[in-house]
There are 2 protein chains.
Amino acid sequence: VWPDLGDPADIDYALVWMPEPGVLANLPALKAIFNLGAGVDHLLADPSLPKVPLARTVDPDMAMRMSEYVVFHVLLHHRQHLLYAAQQRRQQWQGHPQPAASEVRVGVMGLGSLGADAARKLSLLGFATAGWSRSEKSLAGIDCFHGTDGLKPFLNRTDILVVLLPATDRTKGIIDARLLSSLAQDGVLGGPVLINAGRGALQVEADIEAALDSGTLKAASLDVFEEEPLPPSSPLWHHPNVVVTPHNAADSGALPLCRGILEQIRTFESSGILRHLVDRQRGY
Amino acid sequence: VWPDLGDPADIDYALVWMPEPGVLANLPALKAIFNLGAGVDHLLADPSLPKVPLARTVDPDMAMRMSEYVVFHVLLHHRQHLLYAAQQRRQQWQGHPQPAASEVRVGVMGLGSLGADAARKLSLLGFATAGWSRSEKSLAGIDCFHGTDGLKPFLNRTDILVVLLPATDRTKGIIDARLLSSLAQDGVLGGPVLINAGRGALQVEADIEAALDSGTLKAASLDVFEEEPLPPSSPLWHHPNVVVTPHNAADSGALPLCRGILEQIRTFESSGILRHLVDRQRGY
């Protein structure tokens with residue numbers, strides 16, 4: 001375990017999460033790199049990253065955890081939990097009209113292994129679920145949009161937006177005033193909701209705060225931020241309609257992921273095939 | 001719509017939710033009663049209830065809503081939301097170890113149409129799910145316990161107890177000190193959790209409060225209470241580990257249920273068959 005690596009020439013494979021830039025460049029025998037998480041933006045930002053195959057983690061444990069986070073926060077806003085929690089604090093017993101899940105249009109941005117699993121589970125709970133991805137995808141029971149042309153119609157029909165995109169040059173700052181103002185304003189929840197469990201670099205926090213203040217955005221659950229930890233000065237901490245979590249939506253830890261990675265290495269050694277390869281050009 | 005009934009002799013079928021005792025006895029042509037909810041305890045408490053067939057509501061809309069409530073509150077406790085919400089209030093950025101769903105043993109008491117749907121959805125989310133019912137049941141993927149003999153082993157393996165039982169003479173006060181102390185004390189959540197979305201008459205609130213204070217019970221989500229609305233004097237309003245909701249777990253309203261009831265009436269008129277009949281002896 002780094003920094004206690006022994007002879008660097010003995011290391012064939014590296015399993016990493018946000019390693020210090022330059023560390024991997026000092027491993028002369030390296031055959032492949034396994035990223036212990038879904039996002040590889042930190043790794044690709046290291047100009048000295050060796051040109052060996054780089055695999056991201058696609059693991060059922062991680063997908064299970066991410067879907068838990070997504071389903072929980074969709075239900076939290078759908079079932080008006082922030083309103084009921086405030087009522088409980090003042091001992092107020094009062095019901096409110098509750099839309100059916102089928103009346104609520106959830107949209108998942110990013111249909112990789114995490115987004116596809118979350119969309120499937122939301123659909124099983126009865127939500128009117130759609131997805132958007134850069135390239136065309138097809139998922140049973142999910143209304144799939146794609147590409148630049150598909151983005152506006154996807155946002156226009158979305159009451160609860162779940163963002164599970166990778167951070168790349170093309171997605172940086174994608175959650176901005178323009179995107180937020182494209183979400184459905186006529187939905188049964190009384191305004192759109194944002195859930196970002198992807199990457200902080202995707203969002204423009206000043207735009208999210210302005211949209212919350214103007215009512216363009218009704219509420220948000222945010223697990224990731226432009227700067228982490230979220231600075232004490234951020235108004236997001238105290239906004240009554242914002243749920244802040246400390247980047248822990250799908251925190252598998254390294255150990256549960258190792259079994260899958262060992263299998264990957266076995267297959268790679270015997271057949272030369274490495275799955276879940278990162279396309280460095282594309283950025284994910 | 002009551003009280004504007006026109007000629008009582010014109011009324012063949014009554015759709016009711018907690019009608020005033022005696023009202024139904026004044027309908028001489030009544031052929032059947034449809035209860036606009038799952039629980040019939042209020043109806044059966046009326047000694048003047050006509051001896052016509054009585055059907056409870058078994059409706060996909062109601063099951064969908066109840067499962068939402070159950071899944072939401074199981075995830076709320078599983079994902080340590082009360083802890084993270086408290087941290088957010090003090091601007092504290094700190095993660096905590098998060099068990100996998102497969103390490104958390106959820107137990108659903110009551111495997112009628114609502115309990116079975118909730119158990120199935122919890123199982124899809126990866127929870128180690130078991131169920132208990134008075135008579136023997138079998139559900140795919142769910143570890144089924146039954147009867148008096150099955151209760152203790154069921155409780156002993158349960159970290160999160162979900163109660164969806166009907167209120168009958170046999171279930172009144174079933175959630176008491178003895179039941180709570182039988183729940184698993186060795187689970188990964190650091191203590192058992194109670195979710196009651198059944199009936200207030202099932203629970204002994206003094207015992208729940210004592211168990212929360214002693215640590216026998218870690219947390220609770222309660223939608224129903226011995227007295228509703230929950231009196232302002234109840235300590236449950238302010239307990240830091242208790243979520244109170246105003247008996248709205250599965251509030252379908254009458255209109256979404258009418259389509260199914262009209263179909264029931266059509267079948268009854270043509271074939272004499274009425275489904276979802278209440279067994280008055282059994283009490284549900």
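Basis for what follows: all heavy atoms, side chains included, without hydrogens, waters or symmetry-related copies. Chain letters run A, B, ... following the sequence lines, proteins first, then strands; residues in each count from 1. Being a predicted model, the structure only gives us computed values, none of them experimental.
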As an exercise: rank [options] by heavy-atom pairs under 4.5 Å with chain B and give me the winner.
{"options": "Val74(A), Asp117(A), Leu230(A)", "result": "Leu230(A)"}
{"options": "Met64(A), Gln91(A), His78(A), His81(A)", "result": "Gln91(A)"}
{"options": "Pro229(A), Pro231(A), Ala101(A)", "result": "Pro229(A)"}
{"options": "His96(A), Arg65(A), Gln98(A)", "result": "Arg65(A)"}

Residue [X] versus chain A: region with a heavy atom under 4.5 Å:
{"X": "Leu76(B)", "value": "both"}
{"X": "Val243(B)", "value": "both"}
{"X": "His247(B)", "value": "both"}

Are any side-chain N or O atoms of [X] and backbone N or O atoms of [Y], one a donor and one an acceptor, separated by less than 3.5 Å?
{"X": "Asp159(A)", "Y": "Val106(A)", "value": "no"}
{"X": "Lys218(B)", "Y": "Leu189(B)", "value": "yes"}
{"X": "Lys121(B)", "Y": "Leu125(A)", "value": "no"}

Can you tell which part of Asp61(A) gets under 4.5 Å to a heavy atom of chain B, answering side chain, backbone, both or neither?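 It is the side chain, since no backbone atom gets that close.
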
Under a 4.5 Å heavy-atom cut-off, does chain B meet the side chain of Pro99(A), its backbone, both or neither?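 For Pro99(A), the backbone is the part near chain B, not the side chain.
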
Which word best sums up how the rings of Phe72(A) and Phe72(B) line up, parallel for under 30°, tilted for 30 to 60°, or perpendicular for over 60°?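 Plane angle under 30°, so parallel.
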
When the ring centroid of Trp93(B) is compared with that of Phe225(A), is the distance short of 6.0 Å?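 They qualify: ring centres under 6.0 Å apart.
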
Worked check of side chain to side chain contact (heavy atoms under 4.5 Å, CB included) between Gln264(A) and His276(A): CA-CA 10 Å; Gln264(A) 279 254 68; His276(A) 314 312; 3.8 Å; yes

Is it true that Ser221(A) and Tyr69(A) share a donor-acceptor pair across their side chains at a distance under 3.5 Å?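 Judged by distance alone, the side chains do not pair up.
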
